Amino acid sequence: MNSSKKIMNKQKKEEKNIQDSQTVSAAKGNQRLSDGGVSDTKKIIIGAICVVIVLVLCIGVGIQQFKPQMVLTVNDTKLSMDDMMYPIYERESAYLPYNEMYQMYTGKSIWENNYMGSDRNITSSDATNAIGLKQEIIDAETEYQILYAEAKKAGYKLSADDKKEVKKEVSDALKGLSFTQRLRLNISKSKLTKRFELRKLADNYKNAETKELDKTVDKKAAIKDISQKDYREYKIQCYAYTTSSTDSNGKIKKISASKKAKLDKELNDLYKKAGDAKDFSKLLGDNSKSDIKYSDTSFTEKDGWSMISSKKLLKQIKTLKNKEISKIIKDEKSGNVLFVKMINNNSTDSYKKACDSAVTSAKNAAYDKWYQGILKNYKVSTNSDVWSDIEIGTVTTDIVTAEDLEKMKSDSSDATSGK
């Protein structure tokens, strides 16, 4: 046991002597050895080399990472994702303010709802706004590039008034955006000026060509299948309530007998005042919380009126003379209880709109045919590896939020009113 203690004490003493010796050597400036005999100087050199290597690798990765990703090529013109940010922002900021309302009424975001635009290449009825707007962006940017190139060939130049208009458009587009938002959207005064000048020249050329193309449209042929009888329009005012409601699960629920009796009485009271009222639209007064609703609406012979499902009842409404008020009508199938005042029982507004729409369609068809002929002369390609990953509704909506847009709108309104 004693011999074991002696050995342990001897080892501790030797270890202490070694530590003291190393401390003295370090104090004298002697070179210390560690980690397998590599000196501190060599470690510094090796570390520096490693840092350089890491920096070179990082710079290489960074260049690759931030190298603009090409999305669209039109002949020799290449548009990157940086170039596409503003067109995406334009469409997202136009639809975003309505997103909350669509979610409330449909249970889906506005991006998931059916496409509301009119892009010629969207033919599926199942296409969503996200899909349709994505195609819109590609098609619009392609068209701008082609029309700009054609305008340059034709010798078009921007006038002083054109440049003045562009300057205002740029100012309006940048208004309300912070430095960070502009940076993330990849827009600046110079970039937007270049973009809007390109668009302006393209639009000038398109307008001139369209004007000539419109002359070739046969308007009579365009409206020959539109029936004035079908589009006869009945303009009415009405007060109504419904005997059923829809719950959060979409199930139809009948209102209680007591509530129906209350609404019947309220509607009858309004009806009694209707004949002598100077302004039929103000029978409810300030009672905006009433379950009886006022509407100023119309329907056509062709489409009928969604409030009335009974053909017999609808026919009775159609026979009303102008300024005549109907009796209280109860449509059992639709569940609506109402009375109406005929404002105009033979309006031609819907017919005119249908004719205008048909002529516009014919003009658009003439332009599309002309444009498709021009398009054949250009080589256009989309980089699906990049563009397929883009999801409209998520690209710029966190950069400029709905709240940001509302504030920008409010600020603009205040500035206009001089507040």
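In this text, all values refer to a predicted model and were calculated from it rather than measured experimentally.
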For this session: Just say parallel, tilted or perpendicular for the rings of Y294 and Y239, cut-offs at 30° and 60°.
Result: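 Rings of Y294 and Y239: tilted, as their planes differ by 30° to 60°.
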
Do [X] and [Y] meet the criterion of a side-chain donor-acceptor pair at a distance under 3.5 Å?
X: D139; Y: T142; value: no
X: N114; Y: N129; value: no
X: S295; Y: T297; value: no
X: K318; Y: N345; value: no
X: D331; Y: S309; value: yes
X: E136; Y: Y115; value: yes
X: N336; Y: S334; value: yes
X: T180; Y: S178; value: no
X: S281; Y: D279; value: yes

For this session: Could you please spell out the steps behind the ring pair (Phe, Tyr, Trp, His ring centres under 6.0 Å) verdict for Y148 and Y205?
Result: CA-CA 8 Å; Y148 176 76; Y205 179 71; over 10 Å; no

Closest contact, heavy atoms only, [X] versus [Y]:
X: M408; Y: K175; result: CE-O, 3.6 Å
X: A358; Y: I226; result: CB-CD1, 3.6 Å
X: T300; Y: S350; result: CG2-OG, 3.5 Å
X: V71; Y: I138; result: CG1-CD1, 4.1 Å
X: I255; Y: T242; result: CD1-O, 4.0 Å
X: I392; Y: I137; result: CD1-CD1, 3.8 Å

Can you confirm whether [X] is buried at [atom1], in the sense that more than 12 heavy atoms of other residues, nucleotides or ligands lie under 6.0 Å from that atom?
X: D76; atom1: CG; result: no
X: E332; atom1: CD; result: no
X: Y102; atom1: OH; result: no
X: E100; atom1: CD; result: no

[X] side chain vs [Y] backbone, donor-acceptor pair below 3.5 Å:
X: N99; Y: S109; result: no
X: S171; Y: K167; result: no
X: D162; Y: S159; result: yes
X: D119; Y: N121; result: yes
X: K134; Y: I390; result: yes
X: T348; Y: Y351; result: no

[X] and [Y] ion-paired at < 4.0 Å:
X: R120; Y: D368; answer: yes
X: D398; Y: R184; answer: yes
X: E143; Y: K206; answer: yes
X: K200; Y: E197; answer: no
X: K260; Y: D264; answer: yes

Exercise. Is there a side chain to side chain donor-acceptor pair (under 3.5 Å) between N364 and S361 once you walk through the steps?
Worked result: CA-CA 5 Å; N364 289 340; S361 294; 5.4 Å; no

Exercise. Does NZ or CZ of K353 come closer than 6.0 Å to the centre of the six-membered ring of Y231, within 45° of the ring's axis?
Worked result: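 Not flagged: K353 not positioned over aromatic ring of Y231.
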
Output the distance between atom [atom1] ([X]) and atom [atom2] ([Y]), rounded to the nearest 0.5 Å.
X: N322; Y: Y234; atom1: CG; atom2: OH; value: 11.0 Å
X: Q228; Y: C355; atom1: CD; atom2: SG; value: 8.0 Å
X: D296; Y: K341; atom1: CG; atom2: NZ; value: 11.0 Å
X: E324; Y: M342; atom1: CD; atom2: CE; value: 8.5 Å
X: L147; Y: N204; atom1: CG; atom2: CG; value: 11.0 Å
X: T128; Y: M116; atom1: OG1; atom2: CE; value: 10.5 Å

Exercise. Only one of E90, R91, E92 forms a side-chain hydrogen bond (donor to acceptor under 3.5 Å, both in side chains) with T396, so which one is it?
Worked result: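 With T396 as partner, E90, R91, E92 yield a single side-chain hydrogen bond (donor to acceptor under 3.5 Å, both in side chains), made by E92.
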
Non-neighbouring partners of [X] that pass side-chain contact (heavy atoms from CB on, under 4.5 Å), sequence neighbours left out:
X: D218; result: K220, A221
X: R195; result: D83, Y86, P87, E141, L192, R199
X: V217; result: A362, K363, A366
X: S347; result: E233, K235, N344, D349

Can you give me every donor-acceptor pair (side chain of residues 369-385, partner residue at least two apart or in another chain, under 3.5 Å) with its distance?
{"residue": "Y378", "atom": "OH", "partner": "E150", "partner atom": "OE2", "Å": "2.6"}
{"residue": "N383", "atom": "OD1", "partner": "D385", "partner atom": "N", "Å": "3.1"}
{"residue": "N383", "atom": "ND2", "partner": "M70", "partner atom": "O", "Å": "3.0"}

For residues 269-276, which side-chain donor-acceptor pairs fall under 3.5 Å, sequence neighbours excluded?
{"residue": "D269", "atom": "OD2", "partner": "K265", "partner atom": "NZ", "Å": "3.2"}
{"residue": "Y271", "atom": "OH", "partner": "S326", "partner atom": "O", "Å": "3.3"}
{"residue": "K273", "atom": "NZ", "partner": "L283", "partner atom": "O", "Å": "3.4"}

